[in-house]
Amino acid sequence: MEKSKQISISQEPLSDKRSLDRKTASVLAAEDRRLSIASIEQARLTEIDARNGQFHRSFTPRQIHIISLGSNIGSGVFIGTGKALANGGPGNMVIAYALACSCVWAVLQTLSEMTIAFPTSGNYIDYAYRWVDPALAFGAGFAEWLGWTSIVAAEAAFFNILLSFWTSGSNFPAAAGLTIFVAATLLIFVMPNTVFAWFEYVSSIIKILLFLLIIFTSLAIIGGAGAQGPLDGSYWRDLPVFKNGFSGFSNCILLAVWAVGDQVFIGIMGGEAQSPRFSMAHATKLVPFRVNIVYMLSVIFITIMVPSNDKRLLGGGGVAASPFVIAFQDAQIKVLPDIINAGMMVGILAISAESVYLASRILRSMAHHQLVPERFASVDSKGRPRWALIITCSVAVILTYINLSAGGVVALNWLVSITSSCFFANWLIISFTSWRFRQALAAQNDGLFQESYAWQSSKWPLAPGWLFAVSTLIFACCFAAGLKPLGGTSLSAENFFEYMVGIIIIVVFTVAFKLIMRTEWRDPKTADLKTGRRTLSGEEIQQLHDYYKQSAWRRFGTYVQLW
């Protein structure tokens with residue numbers, strides 16, 4: 001398209017958009033159709049390299065909106081917060097979760113800029129491959145795949161914890177609970193992708209309603225509705241606020257990173273969205289607010305309602321339990337703990353399904369780029385990466401049943417540590433990849449951000465810079481937690497590797513691949529800015545124009561509606 005026909009519109013182009021009347025919008029759409037149809041059709045032919053099959057764009061904007069509201073709300077907030085409170089106390093816990101939640105904004109701002117222009121299901125693994133170095137894509141991809149596969153096993157362990165709320169004292173076998181969980185997770189992926197999309201949609205609505213119930217009930221308990229009367233924050237005064245010092249903070253922030261996830265789920269799902277430009281831009285604004293509200297309100301309420309020395313907290317030495325269930329039991333509210341427990345079990349199953357989905361797409365992307373055997377990249381007629389799913393599910397099942405043989409808590413700690421260290425290490429890679437992406441655009445004088453309705457990261461490089469800074473701090477915390485175990489025990493190799501294994505995996509696998517395959521560092525002047533690039537159609541441009549023509553209140557309504 002000629003430059004005279006283009007309109008540069010930033011992330012918040014309200015004044016420009018309002019100045020366009022409907023007649024102008026119609027002309028814009030017509031011009032886009034007339035002048036760009038040939039290039040658009042050619043771009044669509046090369047949008048996805050189809051040699052191993054194609055994913056279906058089966059996620060509607062409505063589904064992505066609702067899933068964005070409910071994704072990553074699982075055991076991290078329902079149960080993991082109890083372990084963080086027991087390990088670090090209320091002060092360390094609040095600061096750690098606030099830092100981790102701020103990275104959600106930074107991750108999505110950084111990723112969305114690349115994902116909207118190049119909506120591939122491999123997401124930042126694909127970007128590291130084309131703009132940095134294939135060796136880095138291999139190391140980061142393997143670590144990310146292992147991290148998300150480990151989450152399935154961790155969620156299975158937490159599922160048994162919640163199940164024990166009803167089966168305690170009945171000798172219900174742990175293996176039976178794990179089997180039920182694994183079978184339910186795998187069943188979702190036997191069916192087409194649309195089933196997964198609708199399962200995540202429905203479970204997200206359940207989690208949203210559950211969270212609202214928890215928040216309003218917590219407010220009522222703090223206000224005096226429970227048997228204990230009004231709660232005045234005495235646990236902040238009478239117990240250590242910063243329990244276990246920097247080691248306590250380090251454990252809290254690693255649990256927080258594991259809880260909020262690395263948010264690549266939204267980006268990878270955007271690779272299979274019907275309208276990545278609308279869905280990803282929408283999610284990038286919505287998800288950080290949702291994560292901060294959900295997690296920070298939950299964390300603050302927990303510190304007021306539950307003491308950090310409660311033996312029922314996970315990691316406190318007694319029977320593991322959700323801090324919310326503990327609080328509602330102490331308030332002597334009948335039935336509600338059962339409802340909360342059931343809702344949490346649905347949320348945990350949804351997180352497990354998200355993890356299988358993510359891990360399989362990451363493995364498929366690695367195979368598609370021939371970083372692992374290409375046969376694993378095959379996608380069937382229903383849009384499922386068959387071999388990637390089979391491998392991911394098999395490893396997830398093995399890790400799940402390790403919970404039985406390795407002494408549940410020990411296995412769970414290793415799984416959580418692997419995941420959290422992989423996540424923040426990959427945050428570093430995402431921020432670096434963003435910088436290389438911008439270098440390639442500048443070196444090739446690419447006018448990506450001058451195209452109609454182009455989307456840019458807000459005040460770049462603020463987001464990747466913040467992400468890099470916080471990730472560096474978390475690395476120091478990870479190292480400190482490995483050197484100084486909680487409880488004053490002496491340094492051990494087992495404890496050190498438990499915390500550092502994710503980082504070691506990325507470094508070792510990246511260096512080994514680099515030396516063996518002798519991969520080349522990507523030159524910004526020749527880096528691939530063509531394959532998979534998505535050009536907006538005239539219909540999408542018109543849709544976006546009509547959306548931004550709405551009043552601010554109408555647009556705000558699209559972020560909070562549940563239909």
Side-chain angles (χ1 to χ4, degrees), residues 52 55 59 67 71-72 74-76 107 111 120-126 128-129 137-157 181-182 184-190 193 196-197 199-200 257-258 261-272 348-369 371-373 375-380 383-402 414-423 425-427 429-430 501-502 505-506 509:
N52 291 305
F55 289 111
F59 292 96
I67 295 172
S71 65
N72 289 101
S75 59
V107 168
L111 263 183
T120 63
S121 191
N123 206 256
Y124 82 95
I125 305 303
D126 176 74
Y129 177 87
F138 178 78
F142 181 80
E144 187 80 356
W145 172 80
L146 180 61
W148 281 106
T149 305
S150 298
I151 282 184
V152 179
E155 298 296 327
F181 182 85
V182 167
T185 300
L186 299 185
L187 180 63
I188 296 170
F189 292 97
V190 173
N193 280 348
F196 168 77
F199 170 75
E200 290 294 317
V257 170
W258 170 72
D262 60 359
Q263 300 301 323
V264 298
F265 174 59
I266 302 300
I268 289 180
M269 190 168 57
E272 298 178 46
I348 284 176
L349 182 60
I351 293 293
S352 176
E354 291 175 17
S355 302
V356 171
Y357 172 88
L358 275 167
S360 63
R361 267 57 181 179
I362 290 166
L363 183 59
R364 192 267 175 182
S365 180
M366 294 176 67
H368 191 70
H369 289 301
L371 298 174
V372 295
R375 70 181 65 181
F376 301 153
S378 176
V379 175
D380 64 19
R384 298 170 301 189
R386 290 174 295 183
W387 283 107
L389 274 172
I390 290 172
I391 294 170
T392 299
C393 291
S394 299
V395 175
V397 169
I398 293 171
L399 292 176
T400 296
Y401 285 104
I402 285 177
W414 272 88
L415 293 173
V416 170
S417 295
I418 289 172
T419 302
S420 58
S421 57
C422 289
F423 281 177
N426 280 331
W427 287 354
I429 294 171
I430 290 171
V501 64
I505 285 173
I506 292 178
F509 276 64

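For this chain, numbers begin at 1 and follow the sequence in order. Since we're looking at a predicted model, the values are computed, not measured.
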Relative to the ring of W387, is the ring of F376 parallel (under 30°), tilted (30 to 60°) or perpendicular (over 60°)? tilted
Determine whether L389 and V356 make a side-chain contact, defined as any pair of heavy atoms from C-beta on separated by less than 4.5 Å. yes
Quick one: closest heavy-atom pair of A367 and P373, and the distance? CB-O, 3.4 Å
Looking only at non-hydrogen atoms, find the nearest pair between I506 and G139 and report the distance. CG1-O, 3.9 Å
Do L358 and I151 have side-chain heavy atoms sitting under 4.5 Å apart? no
Check the orientation of F423 and W148. Use parallel for under 30°, tilted for 30 to 60°, and perpendicular for over 60°. tilted
Applying side-chain hydrogen bond (donor to acceptor under 3.5 Å, both in side chains), name anything that partners S355, two or more places apart in sequence or on another chain. none
Determine, using ring centers only, whether W427 and Y124 are less than 6.0 Å apart. no
Sub-4.5 Å side-chain heavy-atom contact between I125 and M366: yes
Restricting to non-hydrogen atoms, name the atom on R364 and the atom on P385 that form the minimum distance, rounded to 0.1 Å. CG-CB, 3.8 Å
Applying side-chain contact (heavy atoms from CB on, under 4.5 Å) to S421 and not counting sequence neighbours gives F424, C478, I503
For F189, what residues pass the ring pair (Phe, Tyr, Trp, His ring centres under 6.0 Å) criterion, not counting sequence neighbours? F196
Hey, what do you get for OG1 (T149) to CG (L399), rounding to the nearest 0.5 Å? 7.5 Å
Given 3.5 Å as the limit, does a donor-acceptor pair link the side chain of S360 with the main chain of Y357, or not? yes
Atom pair CZ (R384) and CZ (R361), whose distance is rounded to the nearest 0.5 Å: 10.0 Å
Hits for side-chain hydrogen bond (donor to acceptor under 3.5 Å, both in side chains) against S352, two or more places apart or cross-chain, chain-then-number order -> T185
Apply side chain to side chain contact (heavy atoms under 4.5 Å, CB included) to H369 and D126, showing your working. CA-CA 8 Å; H369 289 301; D126 176 74; 2.5 Å; yes
Got a second to check how far C393's SG is from I398's CD1, nearest 0.5 Å? 11.5 Å
For A396 and A153, which heavy atoms make the closest approach, and how far apart are they? O-CB, 4.4 Å
First locate atom CG of L111, then atom CD1 of I430, and finally report the distance between them rounded to the nearest 0.5 Å. 4.5 Å
Check the pair W145 / V372 against side chain to side chain contact (heavy atoms under 4.5 Å, CB included), numbers first and verdict last. CA-CA 12 Å; W145 172 80; V372 295; over 6 Å; no
Taking side-chain hydrogen bond (donor to acceptor under 3.5 Å, both in side chains) as the definition, give me every residue that meets it alongside T400, ordered by chain and number, with sequence neighbours left out. none
Evaluate the side chain to side chain contact (heavy atoms under 4.5 Å, CB included) criterion for residues I362 and T392: first the C-alpha distance (whole Å), next the side-chain angles of each, then the deciding distance (0.1 Å), finally the verdict. CA-CA 10 Å; I362 290 166; T392 299; over 6 Å; no
Looking at E144 and C422, what are the two nearest heavy atoms and their distance? OE1-O, 4.5 Å
F181: ring pair (Phe, Tyr, Trp, His ring centres under 6.0 Å) partners, not counting sequence neighbours: F159
